[in-house]
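Take a look at the structure set out below.
First the proteins, then the strands, lettered A, B, ... as listed; each starts at 1.
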Amino acid sequence: MVHNRTFFSHIAYRITAFVNLACLMLYCVKNSLEKTVSEYLLLLLGTALVNNVVLVKFLGLCPFMGVSNKLDTALGMGMATTFVLTLAAIASWMIEHFILAPFHIEFLRILAFILVIAAVVQFTEMVVHKTSPVLYQILGIFLPLITTNCAVLGVALLNVQAQYGFMQSMIFGFGSAVGFTLVMVLFAGLRERLALMSVPALFAGTPIAFITAGILSLAFMGFAGLYK
Amino acid sequence: MLNLSSLFKGPRIRGGVHAEEHKADTSCKPIAVDFPLPKKLYIPLQQHVGKAAEPVVRVGDHVLKGQLLAHSQGMVSAPVHASSSGVIVDINDYPAPHPSALPIRTVVVETDGKDQWIEYSSIDDPFQLAPEEISLRVGAAGIVGLGGAAFPSAVKLNLGRESKIHTLLINGGECEPYLTCDDRLMQERALGIIDGIRLMLHGMETEQAIIGIEDNKPEAYAAMLDAAGPYPFIKVQQVPTRYPMGWDRQLIRYLTGREVPAGGRSADVGVIMHNVGTAYSVHRAIRFSQPLVSRVVTVSGGAVALPMNIEVPIGTLISELFAFCRVNQAATKRIVMGGPMMGDALPHSRLPVVKASSGILALTQEEIRNTTQQPCIRCAQCVSACPAGLLPLDMANRIRNNQLDAAVDIGLRDCISCGSCSYVCPSNIPLVQYFKYATGELAARQQAQHKSEHTKRLMDERNERMARIKKLQQEEEQARLAAKAERERLQTEQGTLA
Amino acid sequence: MIASRKPSSGAHIGTNTSVQHIMWRVILAISPATAFGLFCFGWPALNLFIVTLLSAVLFEAFCLRLAGRIAKPAIMDGSALLTGWLVAMTLPPWAPWWIGVAGAGIAIILGKQVYGGLGQNLFNPAMLARIALLISFPIEMTTWPNVAPAFSAQAPDFIESWSITFSGLGSIASADAMTGATTLGYIKTEFSQQHWLPDILANHSIFLNFLGWTRGSLGETSALLLGLGGVWLIRQGVIKWHIPVSLLLTVTLLSSVFHLLDSQHYISPLVHLSSGALMCAAFFIATDYVTSPNTPAGQLVFGAGCGLLIFVIRTWGTYPEGAGFAVLLMNAATPLIDHYIRPRIYGRNRNGKPLEQKITVQEREQ
Amino acid sequence: MYILTAIVSLTTLGLVLGLLLGIAARYLKVESNPIVDELEALMPGSQCGQCGYPGCRPAAEALAAGEAPPTLCPPGGSSLAEQLAKLLGVEIDLNDVQDPELLVARVSEDTCIGCTRCFKLCPTDAIVGAPKQIHAVIADACIGCKKCVAVCPTECLQMHPVEVTLRSWRWPKPAVAEGAATC
């Protein structure tokens, strides 16, 4: 309990960091705003809960299963992915509109996106290694693996497919990342409790985690229809 | 059902249980003093917290009642005195009154029936004595906390004086079911207790004392109230009846509104707490310089034909006590020393009564909590029952999975093992035993850690010594070789000269 | 004088409650509502009810035997019976028999035994079964028969009921005349056809709905009886008041705010409260020990979360009844609530650091 | 025409990103991996080699690199395994790590001939004695490494479990309820 409270303040620090990052972005594109704020809020809730990137679209399952046995690591992973996803969404929008579209080289889209995502992940890895070596040690291989996380590339491609504007694609990226973190943390809480239980040997470990993930996705279907 | 009224009246109370008291059959009878003097008294040398006492007598010596058998050792310790006059027949290892009944060094006194006190000089006005003198005499009389903690009282008095506490708290709570020895003591010997309190106040140079008595003991409250009448600085206050009201920090929080910081001592908030029995024995020790040689014990339980409070010399065997109270041996499923909530289950009754045994219970099968365990259904009754605000079910869960550090993270160190959680658990899970096991295991690991550091130091020293010796040998070797070479050179020179 | 060899510690005396004791009292609390439901929907409901209970107990015995443990004590503690009972209560009264068996199977096997038996499941077994059935068999799970008291004219007699339960509703001629939508389902369909509130509920009486004289699940029609059973359970000390009160309060607050803002689009709190499903969820489903937080503060947050989700799903979601999803989602959040909301330990502040209440010597001087 | 723009745009993109990463790398420099020192501090440091590595430092490096499981150190027992697992964030199964059964050597006085062979070998100088005098073992210093038993000519040095006194007695762990799933 003692350490998770300090971690709590750790999270608060990270959230405030993201918030002022988001405000900065909002400010510099404010004039291109044509949709009202409630529209964005609905989009955010829609991506985070209704068509959740992990439990409804089934993207990003390997970190979801791999890193979710401890609450702190799940939170760390969620934060790292949020950082990467938001930056990747913005960068991919820019590349799409300033490089691929004008030169009509849309066929290079996936290649360019992966290049940017890899760069962003490498940058995140350095940041995490610098700020908290313990988290870096615990996340281990899963931190560079964010590059191959299908949610990150998936969201970038979905942005392009849905022809979202700059603001919308950023909100879409951030929303799906928040959804990812929410589900990761929920699942980590469940798995931490599972670890303390005497589950029958047949199901102990990963099988019971899969069953729990299935039930969780069943529960998330309740949000169906909330947002078209 | 928790009686919600006491929750709102005293907002500072949390958790605790409302056990049925079973006090009726012993609280109405006066303290019996007609216990026949046993033939043999088994007086353990370690009846207190701290180092064991060192014997000053030898086998075969004749001792009088109240004579010093073993003096205290080191800072935290207490001397032991003979409970009756007689001959020392043995100083050896005998089973201790402990769930494991492992051996402990005991002095065995064969009583001669005369029960003759050692001559003592009673002083006329103890308040002329210097405060330090009071705690010296209390220490010399071997007085320890009689509430069950058995912490040497002299050390507490000195601590109280040095940290200049502002209130002396007297615990008349006796919240454990079945036990009524404090209740009867307050009803019959209130003046002695008040006098003991005044002596302790003088000994600690504090101004006021508050006596906390549960509101299920009205006669005791009345007796103490009029005994404390002439002294305005001694206040008598009623506290709600809810186990564990007798827990010192609960009483401190209720009466003074302050919370003792975790890991700290009650002196940190300017309060020292003593049991009423301790106050009475301080009165006897200072006024009549009588050491602690006997105590009032509640013998009760379903299997006891004559439940009573009885003044018993320290060292009497429980089997003799049971014989006197006509205990039905077949019906006794468990013998408990102390209260049924925090007391220790003794494996057999051939164990002596010690300074800390406030009660000896012979419980029948119906009274004992049924031990068929069922899986934990997370009903959280234990969370609402825990007075320290812990999560017993989560801690037990982690301990069962051998994650002891994780259990310490959520507050294992703050558990007072009061038994409220295992009392209310519908699945009869022995929660307190999990916590005692975990604390013991962590202590064992701590010791193993110290030992490994100690042996690491020994190894390093040995390696250095070996290295030093080898270096010395090498130097001698070189020196010898050099000397040999020198000698040979000389011989060759002489050879060439000759 | 032989005392128990094994050293036993902790409290040597105890309250003589036991797991059976608690389970049977919960069953007692829900029996009036179930009896009323069985009375309203007649024989087919009774057949379904018995089939579900039986299969629940049989599945439990089967799993325990499989796990190599003697089944008898676990069956007797009534937990399997209670789970089966709750599953039966949430099913449509005239559902075919295999719905009952499938529901009991999912609840006992997937909901409880896979996790290791009593006290280990992460999700409420009854709600898991209800949601799984709702999503996989939408038709059977949404045919709501009219109220036909057991001995009245239009109630199917015993033989007819046998065919309803065991060969499906199609077997009797006037099947569609006997069924219709629940209040919430009706409102949702009306909304989709752009009819708005005041006139939809013209002939709908909240009081009848509250009493239970309306179409609905087998045991969840009568909000009144469920509420009374719940209050009795709180008086008995089996459950704490925190979850039901915070759940009902959240639903009422939200619905009254939205109803005031736009009474055409949002139904009034009274209609919400008169639905039996909400009462059953508040008193019996959300307060399931194993899957709800263990501190009173945590339970308040849990109840509020359930209330919020029920309101959101009922108002904007596709499914008319949101209680099942809400409870499952909040069950998933329970470990988190328990992790962050803990009572303050004596002598420590909120963050677990010891208090600095040390009295300085000067303070003692004055 | 497309090929040219494609190649040019992608290479410039790659170069720009590479440049950015280079700058970032300089600011976010991190020295050696601090985890290894922390791990070594936890180790008992008796360089006993029972984990298969020549000493505690190599064992710590293997742990940090992930080649060795946290349960590699028998003298540390389950407490060390738990701490290592917590630091490394690795999940371990604690039940198969039993704490080493505490043994202590004891000299049976009647058969000891004072040959001084044992106390020359003892790593912690736990055996005291002089030539031709009866030797004795200091229980606190003996780590149960059994080196002396092997070398004693008259077999008078035997290993005995540490006997439990009132102070060292511990409450046993309660048996798990047979109701809960035992498999």
Distance, nearest 0.5 Å, that separates CZ of C:F325 from CZ of A:F220: 12.0 Å

Engaged part of C:V312 at the chain A interface, taking heavy atoms whose separation is under 4.5 Å: both

Atom pairs and distances, side-chain donor-acceptor, residues 291-310 of chain C, under 3.5 Å, sequence neighbours left out:
residue : atom : partner : partner atom : Å
C:T291  : OG1  : C:D288  : OD2          : 2.9
C:S292  : OG   : C:D288  : O            : 2.9
C:S292  : OG   : C:Y289  : O            : 3.4
C:T295  : OG1  : C:G298  : N            : 3.3
C:Q299  : NE2  : C:P293  : O            : 3.1

Residue pair C:T334 / A:R193: nearest heavy atoms and the distance that separates them: CG2-NH1, 4.1 Å

Heavy-atom neighbours of A:F123 CZ exceed 12 at 6.0 Å: no

Residue C:A132 versus chain A: region with a heavy atom under 4.5 Å: both

Per-residue contacts, residues 204-217 of chain A versus chain C, heavy atoms under 4.5 Å: A:I208, A:I211, A:T212, A:I215, A:L216

Sub-4.5 Å side-chain heavy-atom contact between C:L122 and A:M197: yes

Counterpart residues, side chain to side chain donor-acceptor pair (under 3.5 Å), relative to C:Y319 (two or more places apart): none

Student check: side-chain heavy atoms of C:V114 and A:V199 closer than 4.5 Å: no

Identified side chain to side chain contact (heavy atoms under 4.5 Å, CB included) counterpart of A:M221 within the set C:I135, C:L328, C:T318: C:I135

Exceeds 12 heavy-atom contacts within 6.0 angstrom, atom CZ of A:F174: no

From C:L128 atom CG to A:L218 atom CG, the distance as rounded to the nearest 0.5 Å: 6.5 Å

Any C:L336 side-chain heavy atom under 4.5 Å of A:L71 side chain: yes

Interatomic spacing from CD in A:E192 to CG in C:D338 - rounded to 0.5 Å: 11.5 Å

Contact list for residues 122-132 of chain C, test side-chain hydrogen bond (donor to acceptor under 3.5 Å, both in side chains), sequence neighbours left out: none

Nearest heavy-atom neighbours spanning C:P335 and A:L190: CG-CD2, 3.7 Å

Within-4.5 Å side-chain heavy-atom neighbours: A:V50 and C:W316: no

